[in-house]
Amino acid sequence: MTDKKVRVRFAPSPTGGLHLGGVRTVLFNYLFAKKHNGDFVLRIEDTDQTRYVEGAEQYILDCLKWCGLNPDESPEIGGPYAPYRQSERKALYREYAERLVMEGHAYYAFDTAEELDKNRKEIPNFQYGQAYRQTLRNSLSLPQHEVDELLAAGTPHVIRIKMPEGETVSFNDMIRGYVSFETGLVDDKVLLKADGMPTYHLAVVVDDYLMKITHAFRGEEWLPSAPVHLLLWEYLGWKADMPQWAHLPLILKPDGHGKLSKRDGARLGFPVYAMNWFDAKTGELTPGFRELGFLPEAFLNLLATLGWNDGTDQELFTLDELIEKFSIERVNKSGAKFDFEKAKWFNAEWIKKSGAESLKLEVAKVLAEKGILVEDQEYLEKVIKLVKERCTLIPDFYQQAGFFFEQPKEYDLNAVKPKWTDAKTDFYNTYITQLSAETATDPHELETKFKALAEEKGLKIGDVMLPFRVMLVGGKFGPHVFDIVALLGKDETISRITKALVEFTAA
RNA sequence: GGCCCGUUCGUCUAGGGGUUAGGACAGGAGAUUUUCAUUCUUCAAACAGGGGUUCGAUUCCCCUACGGGCUACCA
């Protein structure tokens, strides 16, 4: 490592929603940058115009905002190395590609996609490389004058890297250690496409160089093309400035095998994207963690521990703790199957950990969706405090807390009616009278008095407690009965008993 | 097929030449609880296989097997 300022980048392609693996890559980038007082750059790799999707870039920006992983430089906020959208840097790449051709490290290729497809079909193990390039139509196989004519006539062509023969390219991956490749086995990747856009291979090298990137994190799926990138850094004469590479382990399907895709989410019933993604073309909505009710803190936490740990038993980390403790050396080499059950556990822990104050907004939103408008913020906070340890996802707050804001619409009569007696009716009527004169507001005191009355009436506590709960919340759920009573207040409690009594005693 | 990467409980993982191989999720049992949840206790559960190296290997090396990734004018 040099003494240069640390600069990392996340370089997504705006082709759809942001996969959780992508967010983890962002996270590791961000943690590494912040840990070393460096810069985190967001660069949009939109070099494939056929796959461009409207709205995807904005979506990515929104995801980063939701997660709190804000870039120091991006297409949105700009920066000293703008533009940060590769389509806007198009003109720049050709120069480098031409330079490579001039220096003999790359060449023009005129083959059409159809011709190549045919070769791939007919020749086993066909590869555009040293074995076949002399038989194809390019500036290596064609006489110079023909190449000049083709070029002059504006024949569509690409520029390919010329992989050398018999060399070993190696590097030291921050996660994997020493990795090496035989150049003769790698094909001549396209660097510049016929439409003048660079491919990822050229663009990533040029932009990482121009943007002074010092450390490059990406998924393991990029490992096989690393030799191309290494060679490009060398051929362009920038080897001394090449970033240190770190290839992150993949996130795998929970069942079966292979890397996790959004299809798995639909199939297995959990989100794969960070936030809801709506595809205008297909009308398809891919659900996200945010909308399902995950806290960004929990989302980040679970992603961080998918492939990384700090060497202790600690599993819950705040972003600040992650920044402090993160180290790339402690990232695992092997892929991790995604476990949604554990993901939910992280969220439940974070809900418990979070103060009512910080949960307020999200909870109010969930309630509002169900038609409950919260006016008393203080009351809301008390309610949240009382029920948050029973919630796994934010929408659970509706079930656990909705009854604090509206009377039960229906009752779990099966839990009550079979064992109902006139003695109970009498008990609750008496209790109403007693409660209307009540001045105490302490749950324990209220409970003590309730129990005393039950005893006086010769009823078992359990026999009157459950019906009371159902009267207040509608079913067999919720926090301790007298915590509810205390919060509801005596008037509301009486109102609910009265209302429920009608139903409980009806024939 | 070729190339590259990987392999500790079902899952995420700690550990590392001599350990009762630790934790968490999920699962089982129990305690607490007036519903349910929380909480607590507890049980079950792993070093892929074979060769080396070594006094000793789960740990280091090699091979095999298995798994994964890549093999586009996609990223």
Side-chain angles (χ1 to χ4, degrees), chain A residues 11-15 45-48 50-51 109 111-113 116-117 120 124-129 156-160 173 175-176 179-182 184-187 189-201 203-204 218-227 247 249-250 252-255 257-259 302 305-316 330 332-346 348-349 352 387-392 396 399-400 412 415 447 451 460-470 473 475-482:
Chain A
S13 143
T15 53
E45 308 224 338
D46 55 350
T47 54
D48 185 353
T50 63
R51 293 211 308 156
D111 320 86
T112 64
L116 294 177
D117 280 345
R120 275 188 268 268
N125 294 335
F126 172 80
Q127 188 167 256
Y128 208 124
H157 62 278
V158 300
I159 292 179
R160 288 179 180 272
D173 189 277
I175 293 171
R176 272 144 232 287
V179 182
S180 72
F181 303 84
E182 299 305 317
L185 269 10
V186 180
D187 61 337
K189 290 267 187 288
V190 170
L191 266 20
L192 200 76
K193 300 186 260 189
D195 66 1
M197 278 287 191
T199 59
Y200 171 82
H201 306 296
V204 73
R218 59 181 8 172
E220 192 189 343
E221 70 265 31
W222 289 108
L223 209 40
S225 56
H247 290 87
L250 266 16
L252 277 11
K253 302 175 195 293
D255 65 341
H257 308 288
K259 56 176 175 175
L302 74 93
T305 53
L306 212 50
W308 172 87
N309 70 82
D310 75 338
T312 74
D313 285 343
Q314 184 173 350
E315 299 208 71
L316 265 19
R330 290 204 62 90
N332 278 301
K333 292 181 178 66
S334 50
K337 289 184 185 166
F338 180 66
D339 181 355
F340 189 52
E341 290 307 316
K342 184 115 187 201
K344 284 192 289 191
W345 174 79
F346 272 109
E349 290 301 313
K352 278 188 268 183
V387 305
K388 70 191 172 96
E389 66 269 15
R390 334 168 79 83
C391 298
T392 300
D396 293 346
Q399 153 87 344
Q400 295 298 333
D412 182 354
E447 181 169 353
K451 284 179 174 171
K460 277 195 278 185
I461 309 291
D463 289 343
V464 284
M465 197 62 87
L466 183 68
F468 193 21
R469 166 179 297 283
V470 178
V473 313
K476 294 191 281 183
F477 57 87
H480 291 289
V481 171
F482 289 92

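This is a predicted model, so every value here is computed, not measured. Throughout, protein chains are lettered first and strands after them, A, B, ... in sequence-line order, and every chain is numbered starting at 1.
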Looking across every strand, which nucleic acid part, if any, lies under 4.0 Å from [X] by heavy atom: base, sugar-phosphate, or nothing?
| X | answer |
| --- | --- |
| A/A194 | base |
| A/F181 | sugar-phosphate |
| A/H480 | base |
| A/T15 | nothing |
| A/R218 | nothing |
| A/S225 | nothing |
| A/V158 | base |
| A/V179 | sugar-phosphate |

Partner nucleotide, any strand, of [N] [Watson-Crick/G-U, under 3.5 Å]:
| N | result |
| --- | --- |
| B/U19 | none |
| B/A29 | B/U41 |
| B/A24 | B/U11 |
| B/G6 | B/C66 |
| B/C36 | none |

Between [options], which nucleotide has the shortest distance from any of its atoms to the side chain of [X]?
| X | options | value |
| --- | --- | --- |
| A/N332 | B/A14, B/C70, B/C4 | B/A14 |
| A/D339 | B/U11, B/A14, B/A75 | B/U11 |
| A/R120 | B/A72, B/G69, B/A14 | B/A72 |
| A/V190 | B/U39, B/C73, B/G6 | B/C73 |
| A/K189 | B/U71, B/C5, B/C12 | B/U71 |

task = Quick one: sort the A/Y128 and A/F126 rings into parallel, tilted or perpendicular, breaks at 30° and 60°.
result =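 Perpendicular: the ring planes of A/Y128 and A/F126 meet at over 60°.
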query = Would you call the rings of A/H201 and A/W222 parallel, tilted or perpendicular if under 30° counts as parallel and over 60° as perpendicular?
reply =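 The rings of A/H201 and A/W222 stand perpendicular, inter-plane angle above 60°.
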ask   = Would one find a side-chain N or O of A/N125 under 4.0 angstrom from OP1 or OP2 of B/G2?
value =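 The answer is no; no side-chain N or O of A/N125 sits under 4.0 Å from OP1 or OP2.
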task = Under the side chain to side chain donor-acceptor pair (under 3.5 Å) rule, what do A/N332 and A/S334 come out as? Steps first, then yes or no, please.
result = CA-CA 6 Å; A/N332 278 301; A/S334 50; 5.1 Å; no
task = Go through the N and O atoms of the side chain of A/R390 and the base of B/U38, and report whether any donor-acceptor pair is under 3.5 Å.
result =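 Checked by distance alone, the answer is no.
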